Amino acid sequence: MARLSPDENVMYAEMKKIIVLSLNKENDNFYNDISSYKKIARVTGWIYRFYEKIKTCNKKTGELSGEELKKAKLKILLKVQEDLFQGEKMQRLKSLSTFKDAGGILRIKMKFLMRKYNENFKVPIVLPFDYYVVKRLILYKHQVLGHPVIQSLMVAFRENYCG
């Protein structure tokens, strides 16, 4: 039986099309099929690793690194903000002291900038409360912290995000 050898250039071209379609999918429909924030972050991390692998012919293997997961989580938050904070909703944020950080993430300047707090606490990330991914993030944080009462969850959540 003859063994088929696929043309790698054609294979990579098709893979690039799939990745670009996945990365450019409208709204959060892509994430609606994934049940937990941890899975959303891991799937996003694998997609970006695969994208980098195709783009640069990187041969990285094994589990996702902590840095890759962190980058994936920031990309998710950036996507949420891009989807929701446009036009009229962006105008409502103008009254707040907002700015975009180096990664393009929309943040709020708080009054205690000079204090010795965590950077994410001083300039929290702006997130909508009614978005699927954000709901999954809140549920994930609730489970990781051992099902705390609402006040404890909000304090822990505000260390990184602002709803």
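Please read these numbers as outputs of a predicted model, since none were measured by experiment.
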Considering all heavy atoms of both residues, which atom of Pro128 and which atom of Val134 are nearest to each other, and what is their separation?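 Residues Pro128 and Val134, closest heavy atoms: O-CG1, 3.1 Å.
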
Nearest-0.5 Å distance that lies between atom [atom1] in [X] and atom [atom2] in [Y]:
{"X": "Leu137", "Y": "Tyr131", "atom1": "CG", "atom2": "OH", "value": "13.0 Å"}
{"X": "Tyr132", "Y": "Ile40", "atom1": "OH", "atom2": "CD1", "value": "5.5 Å"}
{"X": "Tyr37", "Y": "Thr44", "atom1": "OH", "atom2": "OG1", "value": "8.5 Å"}
{"X": "Lys100", "Y": "Leu106", "atom1": "NZ", "atom2": "CG", "value": "6.5 Å"}
{"X": "Ser36", "Y": "Gln143", "atom1": "OG", "atom2": "CD", "value": "8.0 Å"}
{"X": "Ile54", "Y": "Arg49", "atom1": "CD1", "atom2": "CZ", "value": "13.0 Å"}

If hydrophobic clusters are built from ILVMFWY residues whose side chains come within less than 4.5 Å, do [X] and [Y] share one?
{"X": "Phe85", "Y": "Ile108", "value": "yes"}
{"X": "Leu145", "Y": "Phe157", "value": "yes"}
{"X": "Trp46", "Y": "Val133", "value": "no"}

Would you please test Ile138 and Leu153 for side-chain contact (heavy atoms from CB on, under 4.5 Å) and show each step? CA-CA 8 Å; Ile138 293 169; Leu153 178 63; 4.1 Å; yes

Applying side-chain contact (heavy atoms from CB on, under 4.5 Å), run through Ile34 and Asn32 and close with a yes or a no. CA-CA 5 Å; Ile34 305 172; Asn32 283 342; over 6 Å; no

Under 4.0 Å between a side-chain nitrogen and a carboxylate oxygen: does that hold for [X] and [Y]?
{"X": "Lys79", "Y": "Glu82", "value": "no"}
{"X": "Glu63", "Y": "Arg42", "value": "yes"}
{"X": "Lys60", "Y": "Glu68", "value": "yes"}

Has Arg136 got a side-chain atom pairing as donor or acceptor with Lys39's backbone, closer than 3.5 angstrom?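 Such a contact is absent between Arg136 side chain and Lys39 backbone.
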
When you compare the side chain of [Y] with that of [X], does any pair of heavy atoms fall below 4.5 Å?
{"X": "Tyr48", "Y": "Lys71", "result": "no"}
{"X": "Ile125", "Y": "Leu127", "result": "yes"}
{"X": "Lys73", "Y": "Leu77", "result": "no"}
{"X": "Gln81", "Y": "Ile105", "result": "yes"}

Tell me, please, which residues at least two apart from Glu67 pass side-chain hydrogen bond (donor to acceptor under 3.5 Å, both in side chains).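 Result, side-chain hydrogen bond (donor to acceptor under 3.5 Å, both in side chains) vs Glu67: none returned.
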
Filter on side-chain hydrogen bond (donor to acceptor under 3.5 Å, both in side chains), then keep only pairs touching residues 144-154, sequence neighbours left out; what's left?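 Sorted result for residues 144-154: His142-His147.
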
